[in-house]
Amino acid sequence: MMIATWNVNSLKIRLPQVIDWLKENPVDFLCLQELKQDNEFFDLAAFEEIGYTACWSGQKTYNGVAIISRTKGKDVVRNNPLFEDAQQRLIASTYDSEQGPIRVINVYCPNGSAVDSDKYVYKLAWYKELTNFLKSEMSTYQHVILTGDFNIAPEDRDVHEGYKGDILISPPERKALQELIDLGLHDAFRLFEQEEKSFSWWDYRMMGFRRNAGLRIDHILISDSLKQICEACWIDKEPRRLERPSDHTPVVADIKWDLIT
DNA sequence: ATGGCCTTCTTCGAAGGA
């Protein structure tokens with residue numbers, strides 16, 4: 001089973017790139033963030049044409065998440081039931097497998113803007129309730145994948161040397177991510193040897209990608225049951241080289257797991 | 001090297017992103 005996450009920064013603009021990427025990388029799940037379009041504009045037919053279905057939670061201009069999958073999921077949850085939020089940043093769905101149901105939770109965590117801003121306060125509150133939601137999900141489901149754009153670089157090695165900001169790396173943010181991981185999740189990327197200076201996002205400005213001035217903020221977190229059978233996790237930098245790319249690029253995990261299709 | 005880019009809309013200037 002292959003699962004990928006990709007913040008596409010407007011699905012309207014990036015749809016052809018997403019379809020092309022799926023043809024080249026026929027993953028079982030592709031979790032998208034920052035659709036930036038309302039639900040009625042989600043082009044399900046474009047995915048059906050290449051053998052996928054989807055569930056989504058869109059929003060005009062900002063946010064919006066979708067799970068593209070081979071089979072239709074069930075028990076779809078849009079937004080965290082523990083956190084009243086007009087912003088569409090979470091979608092979860094359950095898929096059948098030989099080993100029992102697997103819960104896929106796709107998140108677009110708040111950016112936070114600047115440390116101590118209102119948006120930063122919102123980010124930390126959002127994370128706190130995400131942790132409470134995950135606690136509940138993990139008591140219901142044994143096999144859980146929490147993936148998406150976390151807008152937090154877990155460690156200093158996930159941050160390019162010239163990074164000047166505090167946001168995305170501040171201790172309270174990292175603590176919030178750690179509390180989530182402490183529920184019994186594992187950063188799939190760090191289960192394996194990786195190149196130094198591996199990032200998943202690069203600023204459009206200042207030739208960020210060419211200088212490899214990036215951050216690793218897109219993650220695939222997997223439950224204990226999936227850790228031992230996770231065979232690989234990598235960042236696919238190819239889409240970042242395309243004309244008019246998203247500023248994020250896909251992260252992919254390969255897990256030895258048999259879905260029912 | 002955070003001013004410098006990209007996307008969106010209440011669109012030609014501003015907000016948000018990270």
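Keep in mind that what you see is a predicted model, and the values were worked out from it rather than measured. Every chain is numbered from 1 and lettered A, B, ... according to where its sequence line falls, protein lines coming before strand lines.
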How would you label the contact of A:D218 with the nucleic acid (heavy atoms, under 4.0 Å): base, sugar-phosphate, or nothing? nothing

Minimum-distance nucleotide (side-chain atoms of A:S10 versus B:dC5, B:dC9, B:dT8): B:dT8

Rounded to whole Å, please give me the gap between CZ in A:F150 and P in B:dG17. 18 Å

Please pick, from B:dT2, B:dT7, B:dG17, the nucleotide with the shortest atom-to-atom distance to any side-chain atom of A:Y163. B:dT2

Would you mind telling me which of B:dC9, B:dG4, B:dG17 lies closest to the side-chain atoms of A:K119? B:dG17

What is the distance, rounded to the nearest whole Å, between atom CD of A:Q59 and atom P of B:dC9? 11 Å

A:L215 has an atom CG; how far is it from atom P of B:dG17, in whole Å? 15 Å

State whether A:R244 places a side-chain N or O below 4.0 Å from either non-bridging phosphate oxygen (OP1 or OP2) of B:dT7. yes

A:L177: hydrophobic cluster co-members (side-chain, 4.5 Å): A:V77, A:L82, A:F83, A:L90, A:I105, A:V107, A:Y122, A:W126, A:Y127, A:L130, A:F133, A:L134, A:M138, A:Y141, A:V144, A:L146, A:F150, A:I152, A:L180, A:I181, A:L183, A:L185, A:L221

Just by distance, do the side chain of A:Q33 and the backbone of A:N9 share a donor-acceptor pair under 3.5 Å? no

Measure CG/A:D149 against P/B:dG17 and give the value in whole Å, please. 11 Å

Roughly how many Å is it from CZ in A:R205 to P in B:dG4, rounded to a whole number? 5 Å

P gap between B:dG16 and B:dT10, integer Å: 14 Å

A:N151 side chain to A:L168 backbone, donor-acceptor under 3.5 Å: no

With heavy atoms under 4.0 Å as the rule, sort A:F209 into base, sugar-phosphate or nothing. nothing

For A:D247 and B:dT2, what is the distance between atoms CG and C1' respectively, to the nearest whole Å? 15 Å

Nearest listed nucleotide, side chain of A:I13, among B:dT2, B:dT7, B:dC6: B:dT7

Please answer whether the main-chain N or O of A:R244 pairs with a side-chain N or O of A:R14 as donor and acceptor at a distance below 3.5 Å. yes

Considering non-hydrogen atoms only, spot the tightest contact between A:C31 and A:I3 and give its length. SG-CD1, 4.4 Å

Counting the atoms with a prime plus P, OP1 and OP2 as sugar-phosphate, which does A:L168 contact under 4.0 Å by heavy atoms, base, sugar-phosphate, or nothing? sugar-phosphate

Figure out the CH2/P separation between A:W201 and B:dC6, and round it to whole Å. 13 Å

Ignoring hydrogens and angles, tell me if any N or O in the side chain of A:N79 forms a donor-acceptor pair with the backbone of A:I91 under 3.5 Å. no

Go ahead and write out DNA chain B as dot-bracket, 5' to 3': ( ) for pairs within the strand, [ ] for ones crossing earlier pairs, | when the partner sits on another strand, dots for unpaired; Watson-Crick or G-U wobble, both distances under 3.5 Å. ....(((((...))))).

Give one of base, sugar-phosphate or nothing for A:H160, where a contact means two heavy atoms less than 4.0 Å apart. nothing

Counting side-chain heavy atoms from CB outward, which of B:dT7, B:dT2, B:dG16 is closest to A:Y62? B:dG16

P atoms of B:dA1 and B:dT11, separation to the nearest Å: 38 Å

Report the residue (A:S113 or A:R211) whose heavy-atom-nearest nucleotide on DNA chain B is the more 5′ of the two. A:R211

Using a heavy-atom cut-off of 4.0 Å across all strands, would you classify A:N7 as base, sugar-phosphate, or nothing? sugar-phosphate

Rounded distance in Å between the P positions of B:dA14 and B:dT2: 23 Å

Can a side chain N or O of A:K164 be found less than 4.0 Å away from OP1 or OP2 on B:dG3? no

Roughly, in whole Å, what's the span from CE in A:M207 to P in B:dT2? 14 Å

May I ask you to check if A:R70 and A:Y52 form a cation-pi contact, with NZ or CZ under 6.0 angstrom from the six-membered ring centre and within 45° of the axis? yes

Want to settle it: does A:L11 or A:I167 sit nearer the 5' end of DNA chain B, counting the closest nucleotide to each? A:L11

How far, in whole Å, is B:dG3 from B:dT8 if one measures between their P atoms? 24 Å

Expressed as a whole number of Å, how far does the C1' atom of B:dG4 sit from that of B:dC9? 23 Å

Taking only the side-chain heavy atoms of A:T61 (C-beta and beyond), determine which of B:dT8, B:dT10, B:dG4 contains the nearest atom. B:dT8

Ignoring hydrogens and geometry, is there a side-chain-to-backbone donor-acceptor pair from A:E34 to A:V8 under 3.5 Å? no

Which heavy atom of A:G58 sits nearest a heavy atom of A:Q88, and at what distance? O-CG, 3.3 Å

